[in-house]
Amino acid sequence: MDLGKLIHLFCPFLLCFHFKIAGASVHIYPSQPFHDVGNSLLLYGGSEGIFASSRSFIRFENITLSRLKGHSNGLVQAVIFEASDRNNIGGSAYGGQRSICCTPDLSKLQGCKQGEIIRIPSAHDPRWPILLRVRFKGKHLSAKMEDTEILIRKTGIYNLLFISCDPHLKGLKMTGKTVWKNPNGYLPGRMAPLMNFYAYMSLAYLLLSAVWFFQYLRFRMDILPLQHCITVVIVLGLLEMVFWYLDYANFNNTGMRPFALTTWVVTIGAFRKTVSRILILCVSMGFGVVKSTLGGLTSKVLLVGVTYFIASEMLDIAEHVGIIDDISGRAKLFLVLPDAFLDAFLILWIFTSLSKTLEQLQMKRTSVKLEIYRKFSNALAVMVVASVAWIVYEVYFKATDPFNERWQTAWTITAFWDVIAFVLLCIICYLWTPSQNSQRYAYSGDVDEETEEAQSLTEGKQDGGISLVKQEKNTDSDREEDVEEDKRE
């Protein structure tokens, strides 16, 4: 088995131990145990994308190894290699299973030194992969590695492994830390573009907020309940983008990711996604436009909302909060499935409700509302198609890049979902922007097309009170229709 496949198989297991104590770009190892992997003892030290620069490095600080018994001069090696050189570590005899440590047969065939790592010089730089050695002296139970700084001269995804080929060192543990730094800070290479992305998204939300609140305050006397909900989503989106930027900026400056800050931004994000989906669902049901209340569906909508918030919160914590940042694929799948199922369920519910609402608007001959709902349904359909296409691309991207060699573009996978959510929010804001004619979109009983057109023309005039009288006359009969409709749903 080659080293690439070995890392791919065993890293999820090792990561669940390592990242409990890792501060991302500052990897801390408080008494970390080595694990049996093939014919070696192995401790996973980290993996990050690093851009080439005189300011980029991986630094070893206070690395101390401890063993249970002092029997001889045991050797431990640290190996740093770029992902494209993963096959330069290890070898195989007579085409058999690939091993990391040199065996008697491999010693004869390849000239490696028995009891050490097999290293084949890289084609682009014979000094790589880098090997660092630390030996136990005599019967001493501990050994300290000299503090070392490795400069990174080639852009790539770098991996660090601590390996011992001595079977007598079972029970080996390590303390200390390694510091990984890019030219512009401590953010890992695949995350660095996200800091600038969230800065731009914060500005975009700020601009949308300014335009929306100007209209909101200008026509505050004609605001609909739906527009209050849109305001909440805009505020949550702005807060989420600002806090994501602060989280990444702090991470970039210190190399550490505070648990509290990351948890807070994840919670805001989960709440924003939940409110956004419930808003779209309520719009699709015709709340405030075709019906005055959701009636018996209110409790069901709230239940789905709470369930989605919990599922989204758990998944986002698993993906972003340090304590379980890189967990095993099986555990992550367990968290992804409920979130994906709820999204699919909501999409089906939204389009089913939207179809019924369009049908009711056609029956009531309300052309203004029908036109706005047709635009909304078209925009929503485009967003769903784009989302499905991106999911297919995301699956392909991850399936064809098991070793993260396309790490420089990996940030777009995350960024797309924030962009599409913002675009859909802008469309909703455009369709339901506060104006002097906002009330023509509001629920107004069984008003026919001619009455509606007259109302829109006389909006804001004194005779606007006539429409209110007409609305009152039809309230009771329309409530009965809502009750009957809720029973059918």
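Each residue takes its place number in the sequence, starting with 1. Worth saying up front: this structure is predicted, and the values here are computed from it rather than measured. Only this structure's heavy atoms are used, side chains among them; waters, hydrogens and symmetry mates stay out.
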What distance do [X] atom [atom1] and [Y] atom [atom2] have between them, rounded to the nearest 0.5 Å?
{"X": "Phe51", "Y": "Thr155", "atom1": "CZ", "atom2": "OG1", "answer": "6.5 Å"}
{"X": "Arg119", "Y": "Ile130", "atom1": "CZ", "atom2": "CD1", "answer": "7.0 Å"}
{"X": "Ser377", "Y": "Leu354", "atom1": "OG", "atom2": "CG", "answer": "5.0 Å"}

Item to check | Donor on one side chain, acceptor on other, Gln32 and His27, under 3.5 Å | outcome: no
Any side-chain heavy atom of [X] sitting closer than 4.5 Å to one from [Y]?
{"X": "Leu41", "Y": "Asp36", "answer": "yes"}
{"X": "Asp247", "Y": "Trp264", "answer": "no"}
{"X": "Phe345", "Y": "Leu348", "answer": "no"}

Excluding sequence neighbours, so at least two apart, what forms side-chain contact (heavy atoms from CB on, under 4.5 Å) with [X]?
{"X": "Val134", "result": "Leu65, Val76, Ala143, Met145"}
{"X": "Arg55", "result": "Ser53, Pro183, Asn184"}
{"X": "Arg133", "result": "Leu75, Gln77, Glu116, Leu131"}

Run the salt bridge (Lys or Arg N to Asp or Glu O under 4.0 Å) test against [X] and tell me which residues pass, sequence neighbours left out.
{"X": "Asp316", "result": "Lys273"}
{"X": "Glu82", "result": "Lys154"}
{"X": "Arg190", "result": "none"}

Checklist entry - Taking Cys165 and Cys101, which are both Cys, do their SG atoms fall under 2.5 Å of each other? => result yes
Could you pull out all donor-acceptor pairs under 3.5 Å where a side-chain atom in residues 417-430 meets a protein atom, sequence neighbours excluded?
residue: Asp418; atom: OD2; partner: Tyr198; partner atom: OH; Å: 3.4

Item to check | ring-ring contact (aromatic ring centres under 6.0 Å, His included) partner of Tyr158, the single match among Trp180, Trp128, Trp407 | outcome: Trp128
Checklist entry - Where does the angle between the aromatic ring planes of Tyr216 and Phe213 fall among parallel (under 30°), tilted (30 to 60°) and perpendicular (over 60°)? => result perpendicular
Checklist entry - Any donor-acceptor pair under 3.5 Å linking the side chain of Asp147 with the backbone of Asn62? => result yes
Excluding sequence neighbours, so at least two apart, what forms side chain to side chain donor-acceptor pair (under 3.5 Å) with [X]?
{"X": "Arg220", "value": "none"}
{"X": "Trp212", "value": "Thr231"}
{"X": "Arg153", "value": "none"}
{"X": "Tyr205", "value": "none"}

Checklist entry - Does the ring center of Trp432 lie less than 6.0 Å from the ring center of Phe376? => result yes
Checklist entry - Which residue pairs satisfy the salt bridge (Lys or Arg N to Asp or Glu O under 4.0 Å) criterion with at least one member in residues 58-68, sequence neighbours excluded? => result Arg59-Glu61, Arg59-Glu149, Glu61-Lys177
